[in-house]
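Working notes, beginning with the structure itself.
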Amino acid sequence: MAVKRYAKRFVATYHYTDPDSGQDEDIAFVANGRIMPLFKSLVGVELSKALEEYKESLCKVINKDRVEAIFKFDEAKTADDKLAVLTDNIDDFAAMMSTAMSVRSYGENDIDLIEAILLCARICALPTEDEGEALAIGREIIPDEIYQDPTFAFEILQLAINYESHAKKNSTR
């Protein structure tokens, strides 16, 4: 069986340690061709529309300091470096995260943008035949720790934005 590989810029892995069992697990998140229809089926809105709303809301809180903080975060190579940037610019990232979280909720389960992207990227990393079961399980397929990690949330959001941009650029419309 051949293993499908995706460009590194569309894959993220979260190293999770189960607090009860102490067992380690690498949880994969992928942005691929399934993320857009999956996102729409989950929340009822196109991914590009949701990301556009997010970008518009960010414009309301962006200033020079915050742009510099985002640049430093993007340039940081390790998780420790990214955490240092977050810590040094906590007020700026808190304002941006607040804005990200205040973007309207979607669907009957009031799922927000970050949760929806996390779920979709996680489901895209699973074999296609497991998609239905993962959707039925819902939010619980991802440990709460991941939802609470702002560094990883931004990484997954960036993954979705990168893929959406890639898909637009390569579409044949």
Side-chain angles (χ1 to χ4, degrees), residues 6 9-32 34-55 57-58 61 66 69-70 73-74 76 78-87 89-127 130-164:
Y6 296 96
R9 69 178 188 253
F10 302 128
V11 178
T13 303
Y14 189 92
H15 184 75
Y16 174 71
T17 303
D18 187 304
D20 297 328
S21 69
Q23 194 156 9
D24 290 335
E25 177 183 4
D26 285 333
I27 301 174
F29 293 80
V30 176
N32 61 27
R34 292 171 40 215
I35 198 167
M36 291 177 175
L38 190 57
F39 186 89
K40 184 163 185 179
S41 72
L42 182 67
V43 300
V45 174
E46 302 253 344
L47 177 61
S48 58
K49 183 176 182 349
L51 289 174
E52 193 59 41
E53 287 176 2
Y54 170 74
K55 291 173 193 173
S57 67
L58 270 184
V61 296
R66 292 178 182 158
I70 292 169
F73 183 82
D74 283 345
T78 67
D80 288 339
D81 292 343
K82 288 180 185 269
L83 184 59
V85 171
L86 284 173
T87 304
N89 300 282
I90 194 73
D91 292 337
D92 293 322
F93 280 102
M96 289 184 288
M97 186 60 106
S98 174
T99 299
M101 298 313 238
S102 70
V103 172
R104 74 180 178 92
S105 295
Y106 299 98
E108 51 193 55
N109 295 327
D110 283 337
I111 189 169
D112 67 43
L113 177 67
I114 301 291
E115 288 177 324
I117 290 174
L118 280 166
L119 279 170
C120 290
R122 176 64 188 129
I123 291 170
C124 285
L126 298 173
D130 294 338
E131 183 177 302
E133 182 181 351
L135 279 170
I137 293 170
R139 190 177 196 281
E140 291 78 29
I141 68 166
I142 301 172
D144 281 339
E145 175 183 315
I146 295 174
Y147 290 112
Q148 306 305 319
D149 184 341
T151 304
F152 195 70
F154 277 124
E155 186 176 340
I156 296 300
L157 182 61
Q158 186 63 52
L159 190 79
I161 290 170
N162 289 348
Y163 185 79
E164 189 252 352

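These numbers come from a predicted model, not from an experiment.
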Next on the checklist: Within the 4.5 Å heavy-atom criterion, are Ile70 and Asn89 side-chain neighbours or not?
Outcome noted: no

Item to check | All salt bridge (Lys or Arg N to Asp or Glu O under 4.0 Å) counterparts of Asp144, not counting sequence neighbours | outcome: Arg139

Checklist entry - Aromatic rings Phe152 and Tyr14: how do their planes relate, parallel, tilted or perpendicular, breaks at 30° and 60°? => result perpendicular

Next on the checklist: If I compare all heavy atoms of Ala69 with all of Val85, which pair ends up nearest, and what's the gap?
Outcome noted: O-CG1, 3.6 Å

Checklist entry - Could you go step by step and tell me if Ile123 and Leu42 meet the side-chain contact (heavy atoms from CB on, under 4.5 Å) rule? => result CA-CA 11 Å; Ile123 291 170; Leu42 182 67; over 6 Å; no

Checklist entry - From Leu51 CG over to Ile161 CD1, what is the distance, rounded to the nearest 0.5 angstrom? => result 5.5 Å

Next on the checklist: Are Phe29 and Val11 packed together at the side-chain level, in the sense that at least one heavy-atom pair is separated by less than 4.5 angstrom?
Outcome noted: no

Checklist entry - Near Glu145 CD, under 6.0 Å, is it more than 12 heavy atoms from other residues, nucleotides or ligands? => result yes

Checklist entry - Do we see a donor-acceptor contact under 3.5 Å between the side chains of Asp24 and Thr17? => result yes

Checklist entry - Any idea which heavy atoms bring Leu119 and Gly138 closest together, and the distance? => result CD2-O, 3.4 Å

Checklist entry - For the atom pair CD1 (Ile35) and NZ (Lys40), what is the distance rounded to the nearest 0.5 Å? => result 15.5 Å

Checklist entry - If every non-hydrogen atom of Tyr147 is compared with every non-hydrogen atom of Leu118, which pair is closest and at what distance? => result CD2-CD1, 3.7 Å

Checklist entry - How far does CD of Glu131 sit from OG of Ser41, to the nearest 0.5 angstrom? => result 7.0 Å

Checklist entry - Say you draw a straight line from CZ of Phe10 to CG of Leu159; how long is it, rounded to the nearest 0.5 Å? => result 8.0 Å

Checklist entry - Who pairs with Arg66 by salt bridge (Lys or Arg N to Asp or Glu O under 4.0 Å), at least two apart in sequence or on another chain? => result Asp92

Checklist entry - Which pair of heavy atoms, one from Ala134 and one from Leu126, lies closest together, and at what distance? => result CB-CD1, 3.7 Å

Checklist outcome for this item: Rounding to 0.5 Å, atoms CD1 (Ile142) and CD1 (Ile137) come to a distance of 11.0 Å

Item to check | Shortest non-hydrogen contact from Ala28 toward Ala125 | outcome: O-CB, 3.3 Å

Checklist entry - Are any non-hydrogen side-chain atoms of Val30 and Tyr163 less than 4.5 angstrom apart? => result no

Item to check | Sole residue of Glu46, Glu52, Glu53 in salt bridge (Lys or Arg N to Asp or Glu O under 4.0 Å) with Lys49 | outcome: Glu53

Item to check | Test side-chain contact (heavy atoms from CB on, under 4.5 Å) applied to Phe154 and Ile114, step by step | outcome: CA-CA 8 Å; Phe154 277 124; Ile114 301 291; over 6 Å; no

Checklist entry - Could you walk me through whether Leu157 and Leu113 pass the side-chain contact (heavy atoms from CB on, under 4.5 Å) check? => result CA-CA 9 Å; Leu157 182 61; Leu113 177 67; 4.3 Å; yes

Item to check | Close side-chain approach of Cys120 and Ile117, heavy atoms under 4.5 Å | outcome: no

Item to check | Ion pair check, Lys82 and Glu155, cut-off under 4.0 Å | outcome: no

Item to check | Inter-residue atom distance Ser48.OG - Phe39.CZ, 0.5 Å rounding | outcome: 9.5 Å

Item to check | Beyond-backbone contact of Thr13 with Ile27, side-chain heavy atoms, under 4.5 angstrom | outcome: no

